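Just so you know, residue 1 is the first one in the sequence shown, and it goes up from there. Here the structure is a predicted model, which means the values were calculated and not measured.
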Amino acid sequence: MVDTLIAFLVTNITPFGTFKAFWSDGEKTYEDNNVFFNFVFLDAIYDFRGKYPKIKTLSDSVLKWTLKYRPKGDMWVYWVDRKIYPDFDDISLGSLVLRKCGLKPSPEVKDTIDKYRTKTCVFLFKTPYDVKNKRCDCIANINALRYLRDKSICNYLNRCWGKIDKLASYTYEYAKYFFYYFYSKALKEGLTCNFDIKDRVLSELKSDTLRGLPLILTFTSASILGIRDPSVDKAYKKISSTIMEDGGLPEYKYFYIYSPQGYNDYSFFGRTFPTIIFLEGVLHYVEGSN
């Protein structure tokens, strides 16, 4: 399965060195050439590079391509071919990945995050609107926590956890499932905000109602957390059965963005992002079974 998923990702790299994906403004569809998926991939496979030569080869190439777009002060933006405000989700995860790969993130990252935050949470974008309205996003703040290792962010994340069934995000579709995914990674890295998602993740899988991307995210969260249960095995088989002939998962929608005025709904979708997340789940699932 690992080789199958990697082969699909290798054949779905764009000339920009990004993973093939798409976004739409409701009228037209565009290529979604972003560095965020590169960071998600490098973060996902980091612990497995030594054991899987194909993963090592692809990860080295992805890192090399990504560094071509490295901005001044590591103020990463989502797109490599469009000018937008830096996003603190990209900045935090990008800086975390650089540090994992033995590179030193710019000191400007922490200084800028300290400037664009409240006492408990980091703003979403470096835009006047976000700053004025103090817009924070639960999922982006997990990645800020992972990079900064600043437990003061836990106050905000605890409030997010308290409303997990009604959790909304400014950018992430299926917010609570992305919350499980990124927080499971924080827990594995030794970070906790004094709540544990293991029981909740397991109960989600046992409910047998999950489909599509929520199932992929929950399976991968369970695998990262080291949960061993028949429901995890069942989820693995269910997701595996959806693998298409070319080795990748079907297309899913995973992000959306509304303008501050509440219109211009941008939808983001594709096959490489869910395949990367499933690959991470499979790697932890296989290693945990060995």
Check whether the side chains of [X] and [Y] place a donor and an acceptor atom closer than 3.5 Å, and report yes or no.
X	Y	answer
E173	Y252	no
D137	S169	yes
Y30	D81	no
Y180	R200	yes

Between CZ on residue F182 and OG on residue S92, distance to nearest 0.5 Å: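 One finds 11.0 Å between CZ of F182 and OG of S92.
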Less than 4.5 Å apart, any side-chain heavy atom of [X] and any of [Y]?
X	Y	answer
L67	L63	yes
I243	L5	yes
F8	T272	yes
P274	F278	no
P86	F125	no

Using a strict threshold of under 4.0 Å (side-chain N to carboxylate O), is an ion pair present between [Y] and [X]?
X	Y	answer
D74	K110	no
R228	D233	no
K126	D87	no
K20	D32	no
R271	E251	no
K51	E287	yes

For this output row, return yes or no: ring centroids of Y254 and F37 closer than 6.0 angstrom.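 Distance test on ring centres: under 6.0 Å, yes.
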Quick check on the 6.0 Å ring-centre criterion: do F36 and W76 meet it?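 Not under 6.0 Å, so no.
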Residue of the set F268, F255, W23 for which ring pair (Phe, Tyr, Trp, His ring centres under 6.0 Å) holds with F273: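 Result: among F268, F255, W23, F255 is the only option passing the ring pair (Phe, Tyr, Trp, His ring centres under 6.0 Å) with F273.
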Taking all heavy atoms of [X] and all of [Y], pick out the closest pair and write down the distance.
X	Y	answer
T192	K151	O-CE, 2.7 Å
L124	A140	CD1-CB, 4.2 Å
T18	N34	CG2-O, 3.3 Å
N143	Y172	ND2-OH, 4.4 Å
T66	V62	OG1-O, 2.6 Å
D89	I139	OD1-O, 4.5 Å

For the backbone of F39 and the side chain of D43, can you confirm whether one donor and one acceptor N or O come within less than 3.5 Å of each other?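 Pair absent, no side-chain N/O of D43 close to backbone of F39.
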Any chance you could lay out the side chain to side chain donor-acceptor pair (under 3.5 Å) test for S152 and R117, step after step, and finish with the verdict? CA-CA 11 Å; S152 68; R117 63 174 296 179; 3.1 Å; yes
Candidate pair R149 and E189, rule salt bridge (charged side-chain N to carboxylate O under 4.0 Å, His left out), full reasoning: CA-CA 10 Å; R149 303 188 72 83; E189 292 160 359; 5.0 Å; no
Connected via hydrophobic side-chain network under 4.5 Å: [X] and [Y]:
X	Y	value
L103	I113	yes
I197	L191	yes
I216	F48	yes
F269	F16	no

More than 12 heavy atoms of other groups within 6.0 Å of K100 NZ: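 More than 12 within 6.0 Å, yes.
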Within 6.0 Å of NZ in K185, more than 12 heavy atoms from elsewhere: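 Yes, the 6.0 Å shell around NZ holds more than 12 heavy atoms from other groups.
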Assign the ring pair Y181 / F178 to parallel, tilted or perpendicular, where the plane angle (0 to 90°) is split at 30° and 60°.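 Y181 vs F178 ring planes: perpendicular.
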Geometric cation-pi criterion, R135 with Y170: 6.0 Å, 45°: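 Judged by the rule (NZ or CZ under 6.0 Å from the ring centre, within 45° of its axis), R135 counts as positioned above Y170.
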